[in-house]
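Contents: one structure, followed by commentary.
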Number of protein chains: 2
Amino acid sequence: MKGKATSFDIAHRAGVSQSTVSRALRGSPLVSEETRRRIQQAADELKYKVDKNASNLRTRHSGTLALLLFEDPTADDSHINPFFLSMLGSITRACAQRGYDLLVSFQQLSNDWHADYADTRKADGIILLGYGDYLAYRDKLQMLVDQGTRFVRWGAVLPDQPDVSIGCDNFRGGQDVTRHLLEQGRRRIAFLGDASSHYPEFFERYRGYADVLEHAALPVEPQLQVNAESTEQSGYTAMETLLDRKAPFDAIFAASDLIAIGAIRALADRGLSIPGDVAVAGFDDIPTASFVNPPLTTVRQDTREAGEALVENLLRLIQGEPAESGMLPVKLVVRKSSLRSR
Amino acid sequence: MKGKATSFDIAHRAGVSQSTVSRALRGSPLVSEETRRRIQQAADELKYKVDKNASNLRTRHSGTLALLLFEDPTADDSHINPFFLSMLGSITRACAQRGYDLLVSFQQLSNDWHADYADTRKADGIILLGYGDYLAYRDKLQMLVDQGTRFVRWGAVLPDQPDVSIGCDNFRGGQDVTRHLLEQGRRRIAFLGDASSHYPEFFERYRGYADVLEHAALPVEPQLQVNAESTEQSGYTAMETLLDRKAPFDAIFAASDLIAIGAIRALADRGLSIPGDVAVAGFDDIPTASFVNPPLTTVRQDTREAGEALVENLLRLIQGEPAESGMLPVKLVVRKSSLRSR
DNA sequence: CTGAAAGCGCTTACAG
DNA sequence: CTGAAAGCGCTTACAG
């Protein structure tokens, strides 16, 4: 056998026309059972597989989705945000279940990702997953929409978005954490993480936090908020900044687990005990969260459900059906880092 | 503009033939600068992108590699072995650097993965990454080789393999850990992990361990070895089994960090202190390793280098050049879990 | 139920 | 340097 077998080879071997081979292998009801069996057998014998490039070219779709993962502070190789990695896992599975392949790619915000996979027909649609200045790439989203590219995005779900976005209930998560910390007797809760519309997910968490404080008639103090992006390093630095401000606080609500982990390190380096001196809570429930010392109270986002929802909605868009942005529930996971006494 | 522009549209707009458009866009030296510029401009204006399906069909290759990730004990969705996740990250990057796309897929050992991506021409080659009974899928590897499929595998590098495998120096890693534990005064070191040719990577680590013990004139005791696969749960169970045997030991060498983490939990549950009563060391240096309590001594595999090597060699195979199996160096990372005194 | 034929959008000898 | 033409391997109306 030289080269791969084609449908003509199968046709020849099964004594039918090439068109019939194609029909049989695609499961067309027009083919008789007997013929189908003969063709299937010939195909098996020659280890024939339909050439996807040819079939995609003909049918005008690829059976493939593209996942574009981007982080603003481009992580060194393998140190991708664990939460995204977990999403990647569930998205891959969700695709497989629906018979789609998944193309994975890392991008920088600055790149031309808005004009690639879908345009080259390598993918039928795109899933956007990442962390970066929302205002900076909002235009690109609009461009994608204008071009008619099918895509869904993981991120904050806001009223005025041009695209289909799936996200968790960040506001609610922020409320839950803050309420919990108050219940534990904390009164001066600091927030580590960006709190502006540049980073809507963090901002929603912050708004949930502020909302609960206000309802408890507690002040929302600007000096208790420090910007941080979602890395351990950034969390460490932010924690130091907060400590240097000398404003008293008895709890930290970090906008992500990575930030929380950095903060824990910084607190430990200054000799502060957790949760004795300071309670700490994060967001995401990454695998490491339960292993840090002390185990970290956090908010779990159901990545499995998230992956399903993203793929589900993207497929709907591809099929021309209506798809809607939606918010997934969150779940407070209480661990030692926020509990009153050991 | 209805539908996407094709090369004919560009040709029309630029006033040249379609063949010239194709040449210009592929960077053929046959096209004059002036013509190329005009074509490029027309392409930009129409936001034209070459249809990959068509071009792949013509050129007989896809510019895509497939990563097949499989775990024997199929992990629940997002809980993929963190080490593999890290590899996934570096492989994706290595592909991108070389202009290749990456198709990611989870597989079970039992599936027909040996006859898929490459056969359907969706990928030019395959990277195999996973954990499972080697003897069980060795036949499939042989089949891949026989079919002429281009693939490389991450795993143990053994003398008699039919395929190109890249792995770390597991034997050396096993030696390093064991030697370190001996230096810390430990004498009865247990090994948690499968130690048979079914799991060659673990087996190599075990052989390194046994080798050092023998050179130190210490016995290699079967009752100090307990099988375990690379999950926390399995590590926990294995640790319990070992404890129940009542054979004295003062150190644990776990074949992977996940196993080590499970073991640490089991030891803690029985009230044993680490490293006071028992020193513990793992293998892989997953992100969590530095966060467990106490921080885990382990062996780092350079995933960045590993991803590069895999992609590099696969590309070589695809280009018909010789590729060779190879072993990457490992690095002992000493942390608190194995140190004599606090 | 089956076959002959057109065509998906490219790339690349071949001829100028 | 450029164009006309063949062909990559399929799918799917169209005609029987």
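Computed from a prediction, not measured in an experiment: that's the story for all the values here. Proteins come first, then strands; the chains are lettered A, B, ... in the order of their sequence lines, and each starts at number 1.
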I'd like to compare against my own output: the B/S/- annotation of nucleotides 3-9 of chain C with a strict under-4.0 Å heavy-atom distance to protein. BBBBBBB
Would you please name every residue forming a side chain to side chain contact (heavy atoms under 4.5 Å, CB included) with [X], sequence neighbours left out?
X: A:Asn56; value: A:Lys52, A:Ser62, B:Asn53
X: B:Gln41; value: B:Glu45
X: A:Arg58; value: none

With [X], which residues qualify under salt bridge (charged side-chain N to carboxylate O under 4.0 Å, His left out), at least two apart?
X: A:Asp160; answer: A:Arg138
X: A:Arg23; answer: none
X: A:Lys122; answer: B:Asp101
X: A:Arg98; answer: A:Glu308, A:Glu312

Euclidean distance for C1', C:dG16 against C:dT12 (whole angstrom): 16 Å
For atom [atom1] of [X] and atom [atom2] of [N], their distance in whole Å:
X: A:Glu33; N: C:dC1; atom1: CD; atom2: P; answer: 9 Å
X: A:Ile10; N: D:dC10; atom1: CD1; atom2: C1'; answer: 13 Å
X: A:Asn56; N: D:dC10; atom1: CG; atom2: P; answer: 12 Å
X: B:Arg36; N: D:dC1; atom1: CZ; atom2: P; answer: 9 Å

In dot-bracket form, how is DNA chain D paired, counting a Watson-Crick or G-U wobble pair only if both its distances are under 3.5 Å and using | for bases paired to another strand? |||.||||||||.|||
When all nucleic acid strands are considered with a 4.0 Å heavy-atom cut-off, which category describes B:Ser32: base, sugar-phosphate, or nothing?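 Sugar-phosphate only.
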